[in-house]
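Notes to accompany the following structure.
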Amino acid sequence: MTIYIPFICLAIGAIINWNGLPKTAIKIFDGLTNAALILLMLVIGLNIGTSQTVMDNIASIGFNCIIISLMSIIFSVLFVYIAEQTIMPLEKIRLQLVAENEHMQDTSCDTKFSPLTIIMPACIIIGILTGQFLFNNIQHNVLDIVLNISLIFLYTGVGVSLGNNKEVFQYIKKLGFRVLFMPLSIFAGCVISGFISSLLLNLPSDYVTLSASGMGYYSLTGAFLTEEYGIEAGTYGFIVNVSRDFFTVLLIPLLLKISKGSPIASGASGCMDTMLVPVTKAVGTELGMVALISGTILTIVVPIWLAVGRIIL
């Protein structure tokens with residue numbers, strides 16, 4: 001999906017709800033958004049389960065890929081947490097705005113248990129098993145179409161939420177250039193984690209570092225590493241980054257206990273597409289916009305970094 005589509009869908013959703021929709025209509029949009037989110041998780045699982053390259057190599061290199069993926073998330077979260085405690089106080093700014101605007105809704109995540117916490121990772125697992133054992137011959141272009149349709153519904157649903165919480169734009173304005181420290185921290189964490197992972201696992205530092213710094217952009221990272229280093233490196237690039245989506249969904253409740261920016265750090269470039277709604281539901285609408293901006297920047301950075309990093313490393 002092209003970079004401008006999410007912003008168009010967000011704008012359409014915001015316009016639809018700019019003057020306020022009836023509560024019944026809002027509930028309908030919420031229901032459609034949740035249904036599209038479940039479909040998205042199933043499609044992510046199907047993409048993994050129907051990838052013969054991934055399934056053939058999951059036993060031999062799966063453990064290494066999981067370690068690299070988790071290390072990438074851990075270091076991204078660590079660097080973002082440091083930024084939040086120093087130059088990018090995301091939650092402090094949000095609470096200041098809530099205090100300044102008595103009418104402003106607190107869109108932070110509800111602390112009560114949400115069934116989606118279990119449903120989302122369960123759907124990915126169901127998708128993997130279904131893709132491997134029932135629909136292993138399904139065409140990936142069909143999955144891409146379903147994926148894009150579900151994303152359009154999800155983006156529009158987030159836009160409807162934006163229309164109901166116009167103070168989000170105040171938040172982004174008040175945060176200002178400091179929003180750039182989010183993608184910068186994530187990128188630094190991924191690159192450093194890749195180098196450390198290569199030392200721990202005794203693997204080549206070049207393609208392991210590039211795999212870790214794919215930041216969730218699994219299709220491009222896998223294809224690039226296959227072309228440059230061969231099928232094994234490409235498999236690392238794909239599995240490491242597709243695993244990142246799965247672990248992000250699975251770990252969101254834990255990540256929220258660390259900081260509001262942690263789910264965004266884990267989602268990385270995926271916050272421009274597949275991870276935007278799960279992350280936004282967790283962190284609230286204001287930080288959901290931070291996630292989208294960060295994810296968009298990282299999506300642009302990944303192909304540039306892969307080409308440059310190939311030379312440097």
Side-chain angles (χ1 to χ4, degrees), residues 1 40-73 76 121 124-125 127-132 135-144 146-148 151 186-187 190-191 193-195 197-198 201 203-250 266-275 295 298-299 301-307 309-310 313:
M1 180 175 286
L40 176 64
M41 297 298 112
L42 288 169
V43 172
I44 290 173
L46 281 167
N47 268 313
I48 299 171
T50 55
S51 174
Q52 205 56 47
T53 300
V54 173
M55 301 312 293
D56 285 346
N57 291 277
I58 198 71
S60 59
I61 65 173
F63 174 78
N64 289 342
C65 289
I66 288 172
I67 295 299
I68 297 167
S69 184
L70 288 174
M71 287 284 285
S72 183
I73 290 173
S76 295
I124 294 178
I125 293 171
I128 293 172
L129 296 174
T130 303
Q132 177 64 12
F135 298 116
N136 55 340
N137 291 322
I138 193 171
Q139 296 295 316
H140 275 267
N141 62 332
V142 174
L143 292 178
D144 288 341
V146 176
L147 179 72
N148 288 330
L151 284 173
I186 295 169
F187 175 73
C190 288
V191 173
S193 73
F195 182 72
S197 296
S198 69
L201 299 170
L203 292 170
S205 62
D206 46 9
Y207 72 69
V208 171
T209 302
L210 291 176
S211 294
S213 52
M215 293 177 284
Y217 201 158
Y218 52 84
S219 57
L220 178 63
T221 305
F224 179 87
L225 293 184
T226 298
E227 182 178 348
E228 294 293 332
Y229 297 97
I231 187 64
E232 182 176 338
T235 304
Y236 270 91
F238 188 89
I239 297 179
V240 165
N241 288 286
V242 80
S243 297
R244 186 165 187 142
D245 278 3
F246 175 75
F247 287 127
T248 296
V249 171
L250 186 66
S266 184
S269 71
C271 287
M272 196 203 88
D273 43 52
T274 53
M275 291 296 102
L298 291 175
T299 299
V301 166
V302 170
I304 299 172
W305 163 245
L306 289 175
R310 170 70 177 86
L313 300 170

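All residue numbers refer to positions in the sequence shown, counting from 1. Heavy-atom basis, side chains included; hydrogens, waters and symmetry copies ignored. None of these values were measured; they are calculated from a predicted model.
Without hydrogens or angle criteria, S72 side chain to A212 main chain gives a donor-acceptor distance under 3.5 Å. Although no hydrogens or angles enter the test, the distance criterion places no donor-acceptor pair under 3.5 Å between the side chain of D206 and the main chain of L313. With D245 contributing its side chain and G270 its backbone, the two residues share no donor-acceptor pair below 3.5 Å. Between the side chain of S69 and the main chain of V240, a donor-acceptor pair closer than 3.5 Å is present. A donor-acceptor pair under 3.5 Å links the side-chain atoms of N241 to the main chain of G216, judged by distance alone.
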For T274 and L147: C-alpha separation, side-chain torsions, deciding distance, then whether side-chain contact (heavy atoms from CB on, under 4.5 Å) applies.
CA-CA 9 Å; T274 53; L147 179 72; 4.2 Å; yes
Kindly determine whether N47 and V242 satisfy side-chain contact (heavy atoms from CB on, under 4.5 Å), including the steps that lead there.
CA-CA 9 Å; N47 268 313; V242 80; over 6 Å; no
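Rounding to the nearest 0.5 Å gives a distance of 11.5 Å between OH of Y207 and OG1 of T226. L203 contributes atom CG, which lies 8.0 Å from atom CD of E232 (distance to the nearest 0.5 angstrom). L298 contributes atom CG, which lies 6.5 Å from atom OG of S269 (distance to the nearest 0.5 angstrom). In this structure, the separation between CD1 on I128 and CG on L42 is 11.0 Å, given to the nearest 0.5 Å. The distance from atom OH of Y229 to atom OG of S211, rounded to the nearest 0.5 Å, is 9.0 Å.
For the residue pair S266/T248, the side-chain donor-acceptor check at 3.5 Å is satisfied. There is a side-chain donor-acceptor pair under 3.5 Å between S76 and R244. Side-chain contact, Y236 with N64: a donor N or O sits under 3.5 Å from an acceptor N or O.
A heavy-atom distance below 4.5 Å is found between the side chains of I125 and F246. In this structure, V249 and M41 have side chains that are in contact, with non-hydrogen atoms separated by less than 4.5 Å. Between L201 and V208, every side-chain heavy-atom pair lies at or beyond the 4.5 Å cut-off.
In terms of the side chain to side chain contact (heavy atoms under 4.5 Å, CB included) criterion, residue partners of L306 (sequence neighbours excluded) are, by chain and number, L210, L220, T221, F224, V302. Qualifying salt bridge (charged side-chain N to carboxylate O under 4.0 Å, His left out) partners for E228, counting only residues two or more places apart in sequence or in other chains: R310. Taking the ring-ring contact (aromatic ring centres under 6.0 Å, His included) definition, one finds that F187 meets it with W305, sequence neighbours left out.
Between I186 and M215 the shortest heavy-atom distance is CG2-SD, 4.3 Å. The nearest pair of heavy atoms linking L250 to P121 is CD1-CB, 3.9 Å. A pairwise comparison of heavy atoms in V191 and S213 identifies CG2-CB, 3.9 Å as the closest pair.
The environment of CZ in F247 is crowded: more than 12 heavy-atom neighbours from other residues, nucleotides or ligands sit within 6.0 Å.
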